[in-house]
Amino acid sequence: MKYYGRFILFLIVLMVPLVSSAQEQSGAVDSLRQQNDSLVMVLRSQVQELQMQRIMMQEQLEKNGEAVRNDSLRLARRRARIDSLRSILPGAPLIVEGDTLFILYNRRGGITPESRVEDLREKIIDIGTSLTFFTDSIYIFEGEFTTDIMAGDALLMSVTDNDGMWQNQTRQELAAEYRTIIEAKIQELHAEYGMKRKLIGVLYVVGSMFVLGLLIWATNYAYRRWRYRLLRKLLRRTRPLAIKDYEVLNLHRQGILFLTCFNVLRYLIILLLLFIFVPMFFAAFPETKSFTYTIFGYLWNPFVSILKSVLSFLPKFFQIIVIIFCFRYLVKGLHYLMNEIGSGRLKVNGFYADWAQPTYLILRVLCYSFMIVMIWPLLPSSDSQVFQGVSVFIGVIISLGSSSIIGNVMAGMVMTYMRPFHVGDFIKYGDMEGFVIEKSVLVTRIRTRKNDVITIPNSNLMTSQTTNYTFSAHNYGVIVHTKVTIGYDMQWQLIRDLLLDAASKTSHLQKKPEPFVRITALDDFYVEYEINAYTRKSEMLSDIYSELHQNILDSFHSNGVEIMSPHIFAHRNDLPVQIPEQN
């Protein structure tokens, strides 16, 4: 059109001079002039019209070129924006049973890529897990703005130009690629979930149940057939299990124990068969295959967890063994040292031999306590809140429930180092007198002269006054003393001599230091005399007192001296004297 307009203009330019020259040559002819004028007017109007068309065509061409350039720029900017977003946006992958098919990046309307992928995944699974499927039911439908992937009458997904641009393809090419991928996955799912697979699974389950029943029957048959045979063979070769004089397991008890263990073994085998075969039943069908791993996990995961815990605990376990080994031999060394001190073979200044055993017990407790403190952080889950809470709870219970026990223990330890008495000493506690027969950490036991064994808590002994006759007799001598009351009519020198004579005749009373007499009271009707004598035989005090009293009676009666009672007055109105007659 552009060249055609230029050719018309060229003709007009050539004809205009010709017309002008004709007018000049034939100016006389008016009719020709009029025709020429009309022709010129027509040609001029046509030229103007052609010029207007040319101008309009140029403007239209300029507009079209500008539109094409704008579309190209807009497309280039869109591609650049998509390229920049592709490195940032991860996209929404279509994952079906662990297999990633493709990735969607673009929205469709207000639907996000994630929603598009989730909807497509559900449709693929529904079609793939159906019992029947035809390959030609997956096809492509070309629309004006989208290319749709169809499954029969159902829409699987729509592919837009933006989807193709994200993959650097046209939407038709991308839709064809997606159709191939989706069709292959649906065929794969149908091969796994289809009717054929279901029939094979049913046959597999029936066969597995038959095998399971056969194995359980064989287990029960073997149990019934062999239990008594094995029992008889066992009883022929075994002997009663005894520890010293105590028979722990006789033959009858061993037989019962064997039958019980054999029966438990049978149930364990049956339980193991169920654990093996029941998951196999679920594994026959893809829909329940995940449940198979769950059942196996119930049996396998605890075993693996325990094994991993044991393996991870081995380094700390060896540390614990080394700590126990070191403290064990440290305690043995302390035991040897204290035995040497206790036996007297090793003497330490200021450390008594009877301190050796309680000191060893205290040091052993301290060593084992320190050992537990070192081992405690190495124990499994020692830093967990449950472990710490249980530890605190046990500590509180022990501290609340053992306050009196701890008091007795501390009192026993203090008394050990105070050394108020030893085993075998004759002591007095309150109104009780007896020999110490046992001295433990918690209590002390004494035996009275009547052979009554009395148990006294150490805390009571610690807070009460005790008298150790054995210690006094060994170091100073115990003073045996008794009192008599005599009337004022007797010379005190005579009474003194009679008391000293009675003491000299008493066994186990010492001559040195000499016995002595004290006048302790001058009452209204009589004088009170006290004889005192030393003895080293504290364990025979009762016998010594008895013999001393007998000798006092014999000495006074033989010399005509009456031992006054407070109720007998000096003037008795001719009452007889209170002295037995001599035979």
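This chain uses plain numbering: 1 for the first residue, then up along the sequence.
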| remark: Quick note, side-chain hydrogen bond (donor to acceptor under 3.5 Å, both in side chains) partners involving residues 512-523, not counting sequence neighbours, are K512-E514, T520-E528, D523-Y526
Tabulate below the donor-acceptor pairs under 3.5 Å that side-chain atoms of residues 539-546 make, not counting sequence neighbours, or state none.
unit_1 : atom_1 : unit_2 : atom_2 : d
S542   : OG     : R449   : NE     : 3.1
Y545   : OH     : H481   : N      : 3.3
Y545   : OH     : H481   : O      : 3.4

| Does OH belonging to Y488 count more than 12 external heavy atoms closer than 6.0 Å? | yes
| query | What distance separates K511 NZ from Y534 OH, expressed to the nearest 0.5 Å? | reply | 15.5 Å
| Any side-chain heavy-atom pair of I552 and I531 under 4.5 Å | yes
| Under the 3.5 angstrom rule, does the side chain of R536 hit a backbone N or O of H474 as a donor-acceptor pair? | yes
| note | When rounded to the nearest 0.5 Å, the distance separating CG of L259 from CD1 of I256 is 8.0 Å
| field | Verdict with supporting geometry, S369 and L366, side chain to side chain contact (heavy atoms under 4.5 Å, CB included) | value | CA-CA 5 Å; S369 300; L366 292 177; 5.5 Å; no
| task | Run the numbers on L257 and Q254 for side chain to side chain contact (heavy atoms under 4.5 Å, CB included), then give the verdict. | result | CA-CA 5 Å; L257 180 62; Q254 289 183 13; 5.6 Å; no
| request: Sort and list the pairs that fulfil side-chain hydrogen bond (donor to acceptor under 3.5 Å, both in side chains) and have at least one residue in residues 333-343, not counting sequence neighbours. | output: H335-N339, E340-R345, S343-R345
| field | Those residues that, when tested against E118, pass salt bridge (Lys or Arg N to Asp or Glu O under 4.0 Å) (two or more places apart) | value | R121
| said: Does T444 form a side chain to side chain contact (heavy atoms under 4.5 Å, CB included) with F421? I'd like the steps, not just the answer. | reply: CA-CA 10 Å; T444 298; F421 50 81; 3.8 Å; yes
| said: Other residues, nucleotides and ligands only: do more than 12 of their heavy atoms fall within 6.0 Å of CZ on F471? | reply: no
| Got T506 and T535 here, is their nearest side-chain heavy-atom distance under 4.5 Å? | no
| task | Could you tell me whether the side chain of I563 reaches within less than 4.5 Å of the side chain of I486, counting heavy atoms only? | result | yes
| note | For D501, the salt bridge (Lys or Arg N to Asp or Glu O under 4.0 Å) test, sequence neighbours excluded, returns K505
| field | Derivation of the side chain to side chain contact (heavy atoms under 4.5 Å, CB included) call for L379 and W376 | value | CA-CA 6 Å; L379 296 176; W376 193 268; 4.3 Å; yes
| task | Taking salt bridge (Lys or Arg N to Asp or Glu O under 4.0 Å) as the test, write out the residues that go with R266, two or more places apart. | result | none
| query | Is the count of non-hydrogen atoms from other residues, nucleotides or ligands lying under 6.0 Å from M432 atom CE greater than 12? | reply | yes
| task | Output every pair passing ring-ring contact (aromatic ring centres under 6.0 Å, His included) with a member in residues 497-520, not counting sequence neighbours, ordered by first then second residue. | result | none
| remark: Value for CG (L212) from CG (L274), rounded to nearest 0.5 Å, stands at 6.0 Å
| Taking everything shown except Y267 itself, do over 12 heavy atoms lie less than 6.0 Å from its OH? | no
| remark: Residue pairs meeting salt bridge (charged side-chain N to carboxylate O under 4.0 Å, His left out), one or both in residues 205-225, sequence neighbours left out, come to none
Compile the donor-acceptor pairs under 3.5 Å between side chains in residues 491-499 and protein atoms, sequence neighbours left out, one pair per line.
none

Which atom pairs, donor and acceptor, lie under 3.5 Å between side-chain atoms of residues 303-331 and protein residues at least two apart or in another chain?
unit_1 : atom_1 : unit_2 : atom_2 : d
S309   : OG     : S305   : O      : 2.8
S312   : OG     : K308   : O      : 3.0
S312   : OG     : S309   : O      : 2.9

| task | Measure the shortest side-chain to side-chain distance between H549 and T482 over non-hydrogen atoms and say whether it is less than 4.5 angstrom. | result | yes
| request: Measure the spacing between SG of C367 and CD1 of I362 and express it to the nearest 0.5 Å. | output: 12.0 Å
| Looking only at heavy atoms, which two atoms of L548 and A503 are closest? And how far apart? | CD1-CA, 3.9 Å
| task | Kindly write out the residues that satisfy ring-ring contact (aromatic ring centres under 6.0 Å, His included) with Y476, not counting sequence neighbours, or none if the list is empty. | result | none
| message | Can you confirm whether I456 sits close enough to V443 that some side-chain heavy atom of one is under 4.5 Å from a side-chain heavy atom of the other? | response | no
| Quick one: are V517 and N532 in side-chain contact, heavy atoms under 4.5 Å? | no
| query | Which heavy atom of Y360 sits nearest a heavy atom of M338, and at what distance? | reply | CB-CG, 3.6 Å
| task | Take atom OH of Y429 as the centre, draw a 6.0 Å sphere, and report whether it contains more than 12 heavy atoms from other residues, nucleotides or ligands. | result | yes
| query | Would you say the side chain of S472 lies within less than 4.5 Å of the side chain of N468, judging by non-hydrogen atoms? | reply | no
| field | Gap between atom OG1 of T470 and atom CG of N475 - 0.5 Å precision | value | 10.5 Å
| task | Taking all heavy atoms of R447 and all of N451, pick out the closest pair and write down the distance. | result | NH1-OD1, 2.9 Å
| field | Exercise: identify the closest heavy-atom pair between S558 and S555 | value | OG-O, 3.0 Å
| query | Have S507 and E547 got a donor and an acceptor in their side chains that come within less than 3.5 Å? | reply | yes
| query | With Y469, which residues qualify under ring-ring contact (aromatic ring centres under 6.0 Å, His included), at least two apart? | reply | F426
| remark: Interatomic distance, OG1@T485 vs CD@E562, rounded to 0.5 Å, equals 10.0 Å
| request: Over all heavy atoms of both residues, which pair between P377 and V373 is shortest? Give the atoms and the distance, please. | output: CD-O, 3.1 Å
